[in-house]
Amino acid sequence: MFEARHSMEAPTTTSADDGTAGDGGGWFTPRRPPQRQEEGVPRQSGASRPGPEPAPAHERAGERIAAPAPATTATTEGPAPSTTTARSAPSAAATATAPAPAPSPAPLPQAEPTAKASPDAVLVQRTMAEVGPVADKVTSYFYALLFTRHPDLRGLFPAAMDTQRDRLLKALLTAAEHIDHTDVLVSYLKNLGRGHRKYGTRPEHYPAVGECLIGSLSRYASAVWDEETEAAWVRTYTTISQVMIDAAAEDELRAPAWWYAEVVSHDLRTPDIAVVTVRPDQPYPFLAGQYTSLETPWWPRIWRNYSFASAPRSDGLLSFHVKAVPAGWVSNALVHHARPGDILRLGPPAGSMTVDHTTDSGLLCLGGGTGIAPIKALVEDVAEHGRRRPVEVFYGARTDHDLYDIDTMLRLQQAHPWLAVRPVVDQRAQLPDAVREYGPWNEYDAYLSGPPGMIRSGVDTLRDVGIPEGRIRHDSVEDLVAPGG
């Protein structure tokens, strides 16, 4: 398992959890976070920054404590965008480590298998095999314990929790898969810890979550649960949570937990797609190809992830392409209710679907639906760097009507001779197959953004035409479409 430099002594007694209240016995108590900088760096606490309080409301959909937060594209709502590899694994179990909805860092890439699993990894995986068939019960019991024992944490969550049912198990499975891969897991956890700041997560919340996680696992994995297994989970959770706590403390010295942003433009391109442009209340640094999480005043504590639809602009404005999805709370609010003057909240930027400007490799970009938004940002980024490198964009849609941003893309093509834009209209959404007619692509870096099915088939197609897996970048597909988005 990765170095447990943050870990503490695990208890030697097994949990006697039977659903009764308990104080956790001091388990998972993290060490103190790094000392805050006293001078020279202003403390930018979200609670102290000016701005309207969100209107009281209820419900949420897709975000969760135990949810992996993969990167979403602007194509849809759901947890998070961008991986740097072709694989789109769900987020790490560490998501189960914080009592707030998970943020959206880049999902974990495929880890190379180790020669032999560590003892803790074996025990964690054995537990997961045992609870797999009763995942729903494990998740329900976990939240029941958390909110019964620690009712003060309930306010960190949206009122409606029904869409979080399976996310804890997904998170734990990912942790089990990556437990022995420090380079893969730690980077992810740092992003996760930084992203949790916007939910009000504090170091003192982590012990409560760890206690209830152990309580739920010990109940439903009783056939394999023993002192050794419990100690393995305690060590794993303690290490994971401490990485997140340290990353959040370091980030607090540099950036606010969130940004307020005023809607300055709302362009309804189709009956269900809008381009929403906002002005943050202070500078917002990001890279083309990244994404952010966004909260509206109509649905407090419900965050959705959207890709930036342009490279960083001199005027500081940010644009997002939003498609209203059926029963989508945030997307419908942004498309049908948001107007200039409305105040939104933005989380920190995340994602690694960005351009490597140290090479001259061509870019092969596949954008389906509103997935064209981050692709457009990547094209602008290449143009701003002034290096002539070929960029091939395949813009897919089911109908001509759905090519809502084709005029913008064609104007970019006219301005830049190195850019080729190829619209692909197909009722069967066979965008990846169109790539086979062109090429060769083996010297290109590939970028995919769009619906989950397009990304999955696109990755297979790009491998088939000779693009190495390590040069295929895309948003995570596991949670792109979240119920109630």
Side-chain angles (χ1 to χ4, degrees), residues 71-82 104 261 263-280 284 286-296 303-313 317-326 328-340 342 344 346 349-351 353 365-381 393-412 421 423 429 431 447-452 454-455 474-475 480-482 485:
T72 70
T73 71
T75 65
T76 180
E77 298 183 33
S82 321
S104 311
V263 177
V264 297
S265 173
H266 186 279
D267 179 10
L268 194 64
R269 296 288 182 87
T270 76
D272 61 354
I273 296 176
V275 176
V276 181
T277 301
V278 303
R279 178 184 292 111
Y284 188 102
F286 73 97
L287 299 175
Q290 288 190 305
Y291 61 93
T292 187
S293 52
L294 189 153
E295 179 201 54
T296 73
W303 296 77
R304 288 292 178 273
N305 302 308
Y306 292 97
S307 296
F308 299 104
S310 70
R313 296 166 46 165
L317 298 182
L318 310 172
S319 292
F320 306 95
H321 294 187
V322 184
K323 180 179 177 65
V325 299
W329 298 334
V330 176
S331 63
N332 278 282
L334 290 171
V335 172
H336 301 304
H337 299 291
R339 294 293 180 268
D342 289 334
L344 312 176
L346 305 176
M353 198 178 76
C365 303
L366 281 66
T370 50
I372 197 64
I375 300 302
K376 172 176 169 285
L378 294 176
V379 171
E380 293 177 353
D381 189 38
V393 174
F394 289 80
Y395 181 5
R398 293 184 181 276
T399 67
D400 290 332
H401 175 75
D402 295 326
L403 293 172
Y404 68 93
D405 209 33
I406 187 62
D407 289 344
T408 302
M409 298 305 299
L410 292 178
R411 283 195 296 270
L412 287 170
V421 177
L431 174 59
Y447 297 80
L448 299 91
S449 179
M454 189 213 85
I455 294 179
H474 62 84
D475 297 340
L480 278 177
V481 182

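All values below were derived from every heavy atom in this structure, side-chain atoms included, with hydrogens, water molecules and symmetry-related copies excluded.
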Discussion item. Between N332 and G328 (side chain of the first, backbone of the second, donor and acceptor by atom type, cut-off under 3.5 Å), is there such a pair?
Written reply: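 At least one qualifying donor-acceptor pair exists.
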Practice prompt. Say whether, by atom type as modelled, one donor and one acceptor occur between the side chain of Q290 and the main chain of G351 under 3.5 angstrom.
Written response: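 Indeed, once roles are kept as given, a pair shorter than 3.5 Å links the two residues.
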Discussion item. Is the distance from the ring center of F394 to that of Y447 below 6.0 Å?
Written reply: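 Not under 6.0 Å, so no.
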Are the side chains of [X] and [Y] in touch, meaning some heavy atoms are under 4.5 Å apart?
X: L318; Y: P280; value: yes
X: P374; Y: M353; value: yes
X: L317; Y: V278; value: no
X: V379; Y: V393; value: yes
X: N305; Y: L294; value: no
X: T292; Y: Y284; value: yes
X: L412; Y: V421; value: no

Could you pull out the closest heavy-atom pair between [X] and [Y], with the gap in Å?
X: G367; Y: I375; answer: CA-CG1, 4.0 Å
X: A311; Y: D381; answer: CB-N, 4.0 Å
X: L366; Y: M454; answer: O-CE, 3.9 Å
X: A338; Y: H266; answer: O-CD2, 3.3 Å
X: V330; Y: T296; answer: CG1-CG2, 4.0 Å
X: G368; Y: P451; answer: O-CD, 3.7 Å

Rounded at 0.5 Å granularity, tell me how far [atom1] in [X] sits from [atom2] in [Y].
X: I273; Y: L334; atom1: CD1; atom2: CG; answer: 13.5 Å
X: E380; Y: T408; atom1: CD; atom2: OG1; answer: 9.0 Å
X: K376; Y: F308; atom1: NZ; atom2: CZ; answer: 13.0 Å
X: T370; Y: F320; atom1: OG1; atom2: CZ; answer: 13.0 Å
X: S310; Y: L378; atom1: OG; atom2: CG; answer: 11.0 Å
X: L403; Y: D407; atom1: CG; atom2: CG; answer: 9.5 Å

Discussion item. Under a 3.5 Å cutoff, is there a donor and acceptor pairing between the side chains of S319 and T277?
Written reply: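 There is such a pair between these side chains.
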Worksheet item: Can you find a side-chain donor-acceptor pair between Y306 and H321 that sits under 3.5 Å?
Response: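 No, no side-chain donor-acceptor pair sits under 3.5 Å.
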Fill in: Pair E295-L344, side-chain contact (heavy atoms from CB on, under 4.5 Å): steps then yes or no
CA-CA 6 Å; E295 179 201 54; L344 312 176; over 6 Å; no
Worksheet item: Are D405 and R269 within salt-bridge range, i.e. N to O under 4.0 Å?
Response: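 Looking at R269 together with D405, the answer is yes, because their closest N to O distance falls below 4.0 Å.
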